[in-house]
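To start, the structure itself, in structure tokens.
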There are 2 protein chains.
Amino acid sequence: MLTHAAEDYLKSIYKLQEKGTKVSTGLLAETLNVKPASATGMLKKLKAMKLVCQERYQEITLTEAGRVVALEIIRHHRLLELYLFKALGVPWENVHEEAEKLEHVISEDVEERIDAVLGYPTADPHGAPIPDKNGVVAQTAYIPMTTLRKAQTCVVAEVSDNDSALLQYLGELNLYPGTAFRVLDVAPFEGPFTIDIAGHPVVIGREVAKHIYVADVQEAK
Amino acid sequence: MLTHAAEDYLKSIYKLQEKGTKVSTGLLAETLNVKPASATGMLKKLKAMKLVCQERYQEITLTEAGRVVALEIIRHHRLLELYLFKALGVPWENVHEEAEKLEHVISEDVEERIDAVLGYPTADPHGAPIPDKNGVVAQTAYIPMTTLRKAQTCVVAEVSDNDSALLQYLGELNLYPGTAFRVLDVAPFEGPFTIDIAGHPVVIGREVAKHIYVADVQEAK
DNA sequence: AAATTAATTTAGGCATGACTAAATTATATC
DNA sequence: GATATAATTTAGTCATGCCTAAATTAATTT
């Protein structure tokens with residue numbers, strides 16, 4: 001069995017790779033709040049276990065086996081986040097931290113029960129896809145909110161999960177995945193968005209909008 | 001913060017002490033599946049942290065601070081057991097093992113939510129008392145089933161939680177805490193019990209009966 | 001009381017996974 | 001192309017918490 005630390009490394013590599021980032025020792029170390037030398041050490045072990053590929057000084061990638069492990073952990077994590085949110089009412093800005101600890105500890109049996117209680121969901125509270133038991137991730141084609149134009153309507157599909165203060169703010173605005181809104185105005189020169197959420201006008205800065213992804217974009221009539 | 005290992009030591013000391021056992025290095029080591037030398041090492045650290053008292057070669061006891069930590073962990077454990085059993089339907093012979101891993105990882109916030117969802121319960125699925133947030137344990141006066149005589153009725157109050165095969169067996173007989181039964185007969189010379197559970201006669205061996213504690217004992221008319 | 005046996009502790013070692021400091025290799029600049 | 005800077009790796013250290021083997025202390029037996 002793998003250690004928690006090894007699981008965290010694999011998960012981080014997968015998530016960085018998923019974002020399209022070239023994964024380096026330094027970036028990985030920064031992500032994991034660890035010094036680069038420590039990352040080198042763990043990568044050496046993961047390479048010996050054939051979970052990670054990396055030629056000296058080159059890019060880091062997962063092997064098929066490593067990808068399977070990473071997706072297992074991510075599945076645990078996202079199912080737990082959703083469970084904490086829906087079944088126990090944990091505020092969504094806190095579920096990430098909680099799930100981070102539980103994901104390494106939950107049994108397959110408990111995971112299946114959680115999955116069943118939730119009705120076999122496909123996305124976590126932030127809208128991120130939950131891989132299935134075989135490690136298959138549903139491909140999504142969400143659009144960054146920053147690309148929206150005046151008078152378009154859409155539905156929140158996903159938001160970044162790494163800034164808890166931002167999540168709290170979005171929660172107060174009810175900008176959860178599934179919430180529909182309409183763009184009332186976009187200020188010129190990369191300015192903020194004014195949107196209508198359930199009849200209330202709200203101004204959303206560009207920095208915030210960058211963390212929101214939407215779907216079902218349509219021109220309001 | 002304490003390590004998981006330290007927490008496990010404190011919990012084991014408390015539970016052994018609670019059973020009335022004099023806690024020694026060897027017994028503690030055996031309980032924790034660790035060699036005596038390892039227990040000596042950890043006890044040294046716990047003594048330095050003023051969580052444990054022990055004079056060289058003498059009995060091991062908890063300090064007040066150590067007792068508080070032990071009861072916190074036991075509260076986590078028992079609440080988790082009950083939650084897994086009631087909310088997720090985990091068979092009661094498996095909840096101990098699951099809770100063993102979760103108890104070190106759960107946050108106070110999640111624990112409070114679990115407590116609320118369960119309606120602030122006072123006993124785990126095996127009937128063991130759940131300490132309150134302040135470390136107060138309700139005192140119980142349960143009677144060993146082995147002391148029952150013919151024609152007495154009672155209610156199962158608590159069963160030992162350390163033998164999962166036994167728990168599975170008792171579960172099949174529906175001998176959960178709360179279940180009422182009547183003693184139909186006690187075979188002579190320390191023989192087995194024949195009891196009536198919901199109209200069905202069942203024979204319970206003495207070795208099994210030793211692990212069952214009952215309350216509300218009355219003479220059937 | 002002396003000797004045997006049992007329990008406990010000390011001493012030294014190992015794996016994990018972090019760290020710092022120094023050496024190496026790559027990349028960017030002049 | 002030589003050099004300065006940045007990234008990576010190596011080497012050596014430290015804390016946890018386990019281990020085995022040996023030494024010590026306590027308890028039991030004769």
Side-chain angles (χ1 to χ4, degrees), chain A residues 1-17 19-62 66 69-70 73 97 100-101 103-105, chain B residues 1-14 16-17 19-62 66 69-70 73 100-101 103-105:
Chain A
M1 247 320 266
L2 288 176
T3 61
H4 297 183
E7 290 178 348
D8 280 336
Y9 275 80
L10 295 172
K11 187 180 65 167
S12 289
I13 295 167
Y14 181 89
K15 290 179 88 170
L16 289 168
Q17 222 165 261
K19 271 204 307 186
T21 321
K22 203 185 90 181
V23 184
S24 64
T25 304
L27 179 62
L28 188 57
E30 197 189 322
T31 305
L32 289 160
N33 289 311
V34 146
K35 302 296 168 193
S38 305
T40 298
M42 179 59 88
L43 285 167
K44 198 177 164 187
K45 286 176 205 161
L46 294 172
K47 281 183 269 183
M49 287 187 273
K50 302 273 184 202
L51 295 169
V52 158
C53 295
Q54 183 199 26
E55 319 231 346
R56 221 160 178 277
Y57 289 87
Q58 298 302 305
E59 188 179 359
I60 296 157
T61 54
L62 295 174
V69 174
I73 303 298
E97 193 191 353
E100 204 74 16
K101 298 174 296 182
E103 65 190 10
H104 303 293
V105 150
Chain B
M1 247 321 263
L2 287 176
T3 61
H4 298 183
E7 289 178 347
D8 280 336
Y9 275 80
L10 295 172
K11 188 180 63 167
S12 289
I13 295 167
Y14 181 88
L16 289 168
Q17 223 166 263
K19 272 204 306 187
T21 321
K22 203 185 91 181
V23 185
S24 64
T25 304
L27 179 62
L28 188 57
E30 197 189 324
T31 305
L32 289 160
N33 289 310
V34 144
K35 302 297 168 193
S38 305
T40 299
M42 178 60 87
L43 285 167
K44 198 177 165 188
K45 286 175 206 163
L46 294 173
K47 280 183 269 182
M49 288 188 272
K50 303 271 186 204
L51 295 169
V52 158
C53 295
Q54 182 199 27
E55 320 230 347
R56 223 160 178 277
Y57 289 87
Q58 298 302 306
E59 189 179 359
I60 296 157
T61 54
L62 295 174
V69 174
I73 302 298
E100 203 74 16
K101 298 173 297 181
E103 66 190 10
H104 303 293
V105 149

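The sequence lines fix the lettering, A, B, ..., with proteins before strands; numbering per chain opens at 1. When reading the values below, keep in mind they use all heavy atoms of this one structure, side chains included, and skip hydrogens, waters and symmetry mates.
Residue S24(A) has a polar side-chain atom (N or O) positioned under 4.0 Å from OP1 or OP2 of dT8(D). Residue R56(B) places none of its side-chain N or O atoms closer than 4.0 Å to OP1 or OP2 of dA7(C). An OP1 or OP2 oxygen of dC18(D) is reached within less than 4.0 angstrom by no side-chain nitrogen or oxygen of S38(B). Here T25(A) reaches the OP1 or OP2 of dT9(D): one of its side-chain N or O atoms lies under 4.0 Å away. One finds no side-chain N or O of Q58(B) lying less than 4.0 angstrom from the OP1 or OP2 phosphate oxygen of dA27(D). Dashed line: the shortest gap from a side-chain N or O of Y57(B) to OP1 or OP2 of dT10(C) is not under 4.0 Å.
Note on A5(B): only backbone sugar-phosphate atoms sit closer than 4.0 angstrom, heavy atoms only; bases stay farther off. Heavy atoms of G41(A) sit nowhere under 4.0 angstrom from any nucleic acid atom.
Residue order along DNA chain C, read from the 5' end via each residue's closest nucleotide, puts K47(B) first among K47(B) and V34(A).
Counting heavy atoms from C-beta on, the side chains of V23(B) and T31(B) never come closer than 4.5 Å. Within the 4.5 Å cutoff, the side chain of T61(B) has no heavy atoms near those of the V52(B) side chain. Looking at heavy atoms from C-beta onward, D8(A) lies in side-chain contact with H104(A) at the 4.5 angstrom threshold. Contact annotation: the side chain of V34(B) approaches that of Y9(B) to within less than 4.5 Å [non-hydrogen atoms, C-beta and beyond]. Contact check for L51(A) versus L2(A): side-chain heavy atoms found under the 4.5 Å cut-off.
Across dT9(C), dG17(D), dT9(D), the shortest atom-to-atom separation from the side chain of A37(B) is found for dT9(C). Comparing dC18(D), dT10(C), dT20(C) by their closest approach to the side chain of Y9(B) singles out dC18(D). Side-chain proximity of T3(A) to the nucleotides dT8(D), dA7(C), dG17(C) is greatest for dG17(C). Taking only side-chain atoms of Q54(B), from C-beta outward, the nucleotide of dT20(C), dG17(D), dT9(C) with the closest atom is dT9(C).
When the C1' atom of dG17(C) is taken as reference, atom CG of L46(A) falls 12 Å away, rounded to whole Å.
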